[in-house]
2 protein chains.
Amino acid sequence: MKFGIILFPSKKLQDLVNSYRKRYDPHYALIAPHITLKTVFEATEDEVKEIAQDLRRIAKNAERIKISIQKFSSFSPVNNTIYLKVEPTDKLSELHAILHKGALESQPEFSFVPHITVGQKLSDDEHSDVLGSLKMLDTKHEETIDRFHLLYQLENGSWTVYETFLLEKESN
Amino acid sequence: MKFGIILFPSKKLQDLVNSYRKRYDPHYALIAPHITLKTVFEATEDEVKEIAQDLRRIAKNAERIKISIQKFSSFSPVNNTIYLKVEPTDKLSELHAILHKGALESQPEFSFVPHITVGQKLSDDEHSDVLGSLKMLDTKHEETIDRFHLLYQLENGSWTVYETFLLEKESN
């Protein structure tokens with residue numbers, strides 16, 4: 001089975017992002033707006049039980065994460081994905097790092113650029129039009145996220161939550 | 001915000017059900033195949049924190065649930081929803097009952113008929129054609145479910161998981 005680990009932002013932010021994804025993201029119906037912490041990896045149903053135990057331990061020892069969004073950006077010229085940039089923080093990087101160690105060891109495909117995808121697989125013209133309009137909007141937003149989720153992918157490409165993990169460590 | 005409480009069956013069963021839902025269920029893209037334990041209810045973001053605490057306690061004291069599926073059925077003539085019937089068990093009924101008591105008090109809209117929707121909003125002709133073909137299939141299936149999920153609905157109608165609750169009581 002295919003798994004992934006993500007943060008869901010607040011409903012308010014998901015609703016905002018979906019208003020763009022509806023038009024610009026072909027994955028709109030497959031998963032809610034999210035910040036990917038660990039991209040798709042393979043595990044059996046037995047392996048995932050151990051992984052979930054690890055994730056419970058990790059979550060207990062991790063603090064809630066404040067995210068700050070300042071602007072829309074794009075992965076162009078690598079690809080035409082447009083996203084809301086989540087400002088990098090130590091807590092985000094630490095959580096990302098620990099999810100690629102131990103039983104979860106894997107090399108991240110790319111360096112970690114925390115983001116919420118807004119559009120992808122756009123033509124070059126559409127990409128520059130859409131990005132141009134989005135950059136004119138006021139997108140400043142802050143919120144605190146207190147949980148992450150382990151998801152699995154169904155055969156139709158959609159993602160279901162396997163388990164939620166609450167970030168339980170008290171902040172100093 | 002709108003919330004609901006559901007069981008997700010195994011990936012295998014979800015994939016099977018989705019192969020029909022794709023054609024027959026207009027809610028196909030909004031939520032993965034599921035067994036509803038508590039239909040949509042309203043709660044604020046503060047209220048849901050208390051509800052989640054209740055659900056953690058409930059889950060700790062509830063055993064895993066073995067489900068058995070024997071056949072396709074339909075809510076006709078009430079409506080044209082076709083579903084996989086989940087055989088009623090005491091554990092399912094107890095979990096359903098406790099999710100309608102205390103802080104979660106509400107009158108269920110209908111008597112509890114555990115099921116996984118396969119098709120809905122079908123015309124009368126389509127309903128009888130589809131149900132007729134499905135009834136000829138062998139659908140016997142058993143599995144054990146060890147968790148339930150609290151979901152919230154986004155403005156576009158799709159559902160996201162708020163939290164997972166593991167059924168942790170050891171069976172006798």
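In what follows, chains are A, B, ... by sequence order, proteins preceding strands, each numbered from 1.
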Considering only heavy atoms, which portion of [X] lies under 4.5 Å from any heavy atom of chain B: side chain, backbone, both, or neither?
X      : value
A/E45  : neither
A/R21  : neither
A/L166 : side chain

Answer with yes or no after comparing the ring centroid distance for [X] and [Y] against a 6.0 Å cut-off, counting only values under it.
X      : Y      : answer
A/F165 : A/H149 : no
B/Y83  : B/F72  : no
B/F8   : B/H34  : no

Worksheet entry | Among A/N18, A/I31, A/N156, A/L151, residue most engaged with chain B (heavy-atom pairs, under 4.5 Å) |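 Of the options given, most contacts go to A/N156.
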Discussion item. Salt bridge check, A/E155 against B/K11: does any charged N sit closer than 4.0 Å to a carboxylate O?
Written reply: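 Salt bridge between B/K11 and A/E155, a charged N being under 4.0 Å from a carboxylate O: yes.
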